[in-house]
Amino acid sequence: MTMMMNENKYKITIIGLGEFGKIIANLLYSSPSKNYQLIGYDADSNTHSEMKKSKILDKAEWNLKTATFDADIIFICIPKREIFELLKNLKNFVKKDCVIIDTSIFKKEISEFADTLFNESISFIGGSIIFDQQINSKDSQNHFVLIPSSNTSNESMDIIVNLLKTINLSPLFFNIDE
């Protein structure tokens, strides 16, 4: 994975702009060291319209393929019942070396499914935020749990860890069976 660290700007897409997607978007958009374009996608037209007006995205995209085909990192923040179909669709157009982070609570089942879909050129990571008292405070101890799939590269993990640190989230690593 050579794409991100050598470029001035890369692309992060958030799929699902509900409560969790909004939190991630807000943290990423408000980072003082933001060196990425932040794209949001939501299938719900009301949520999409609301986020398009917000000041926490660079762009809200109506088309899933357009929102994700050249993304370097994709955060999936949608219900479990939609994830499997979404992953099947993403398989057809995400670029090589993309990192996909799923934020659902069904880590093992979804990670194993992703490993059957994507080869080693796509890194899939289960993730979740654990909040302290203040979401955006430098003094808080907010964490982001990372559960890499068997296909996740070390370079992908390094990129995600560095990204999380820029938005004041401390990475916590777990095994898929924990």
**OP:** Answer yes if Phe124 and Phe93 sit in the same cluster of Ile, Leu, Val, Met, Phe, Trp and Tyr residues linked by side chain heavy atoms under 4.5 Å apart, and no otherwise.
**Re:** yes
Original post:
Name the one of Asn63, Thr68, Asp70 that satisfies side-chain hydrogen bond (donor to acceptor under 3.5 Å, both in side chains) with Thr66?
Top reply: Asn63
Subject >> With Thr116 via side chain to side chain contact (heavy atoms under 4.5 Å, CB included) - residues at least two apart >> reply: Phe113
Original post:
For the atom pair CD1 (Ile100) and OG (Ser123), what is the distance rounded to the nearest 0.5 Å?
Top reply: 9.0 Å
**OP:** Decide side chain to side chain contact (heavy atoms under 4.5 Å, CB included) for Ile129 and Ile24; before the verdict, give the C-alpha distance in whole Å, the side-chain angles of both, and the deciding distance to 0.1 Å.
**Re:** CA-CA 9 Å; Ile129 296 176; Ile24 291 173; 4.0 Å; yes
Subject >> Residue list, side-chain hydrogen bond (donor to acceptor under 3.5 Å, both in side chains) with Ser128, at least two apart or on another chain >> reply: none
Which atom pairs, one a donor and one an acceptor, fall under 3.5 Å between side chains of residues 77-89 and the rest of the protein, sequence neighbours left out?
{"unit_1": "Lys80", "atom_1": "NZ", "unit_2": "Glu109", "atom_2": "OE1", "d": "2.8"}
{"unit_1": "Lys80", "atom_1": "NZ", "unit_2": "Glu109", "atom_2": "OE2", "d": "3.4"}
{"unit_1": "Asn89", "atom_1": "ND2", "unit_2": "Glu85", "atom_2": "O", "d": "3.4"}

**OP:** Please collect all salt bridge (charged side-chain N to carboxylate O under 4.0 Å, His left out) contacts where either partner lies in residues 143-152, sequence neighbours excluded, each pair once.
**Re:** none
Original post:
Any sub-3.5 Å donor-acceptor pair from Thr166's side-chain atoms to Leu163's backbone N or O?
Top reply: yes
**OP:** Tell me, yes or no, whether the heavy-atom count around Asn154 atom CG, taken from other residues, nucleotides or ligands under 6.0 Å, exceeds 12.
**Re:** no
**OP:** Using the test side-chain hydrogen bond (donor to acceptor under 3.5 Å, both in side chains), find all partners of Thr103 that sit at least two apart in sequence or belong to another chain.
**Re:** none
Original post:
Just how far is it from atom CG of Leu57 to atom CG of Asn26, taken to the nearest 0.5 Å?
Top reply: 9.5 Å
Original post:
How far does CG of Asn142 sit from CD1 of Ile23, to the nearest 0.5 angstrom?
Top reply: 10.0 Å
Original post:
So, are Lys9 and Asp58 salt-bridged, with charged N and O less than 4.0 Å apart?
Top reply: no
Original post:
What are the two closest non-hydrogen atoms of Asp42 and Leu17, and how far apart are they?
Top reply: OD2-N, 2.7 Å
Original post:
What is the distance from atom NZ of Lys11 to atom CG of Leu38, rounded to the nearest 0.5 Å?
Top reply: 10.5 Å
Original post:
Where do Val99 and Ile160 land on the side chain to side chain contact (heavy atoms under 4.5 Å, CB included) test, with the steps shown first?
Top reply: CA-CA 8 Å; Val99 181; Ile160 297 305; 3.8 Å; yes
Original post:
Does some side-chain heavy atom of Ile147 sit less than 4.5 Å from a side-chain heavy atom of Ser111?
Top reply: no
Original post:
Who passes side chain to side chain contact (heavy atoms under 4.5 Å, CB included) against Ala67, sequence neighbours left out?
Top reply: Thr13, Ile39, Tyr41, Glu61
Original post:
Hey, what do you get for CG (Leu28) to CD1 (Ile12), rounding to the nearest 0.5 Å?
Top reply: 5.0 Å
**OP:** Give the cluster check for Ile74 versus Trp62: same hydrophobic cluster or not, with ILVMFWY residues linked at side-chain heavy-atom distances below 4.5 Å.
**Re:** no
**OP:** Nearest 0.5 Å please: distance from the OG atom of Ser153 over to the CD1 atom of Ile159.
**Re:** 7.0 Å
Original post:
If only atom types and distance count, is the side chain of Asn151 paired as donor or acceptor with the main-chain N or O of Phe118 below 3.5 Å?
Top reply: yes
Original post:
Taking the side chain as C-beta and beyond, is there a heavy-atom pair between Leu90 and Leu117 under 4.5 Å?
Top reply: no
Original post:
Tyr36 side chain to Asp72 main-chain N or O, any donor-acceptor pair under 3.5 Å?
Top reply: no
Original post:
Going by the angle between their ring planes, with limits at 30° and 60°, are Phe144 and Phe75 parallel, tilted or perpendicular?
Top reply: perpendicular
**OP:** Answer yes or no: is there a side-chain heavy-atom contact under 4.5 Å between Glu50 and Lys22?
**Re:** yes
Original post:
Is a side-chain N or O of Lys107 found less than 3.5 angstrom from the main chain of Gly127, in a donor-acceptor match?
Top reply: yes
**OP:** Indicate yes or no: at least one non-hydrogen side-chain atom of Leu146 is less than 4.5 angstrom from one of Thr152.
**Re:** no
**OP:** Give the intermediate values and the outcome of side chain to side chain contact (heavy atoms under 4.5 Å, CB included) for residues Ile76 and Ile110.
**Re:** CA-CA 11 Å; Ile76 299 175; Ile110 293 171; over 6 Å; no
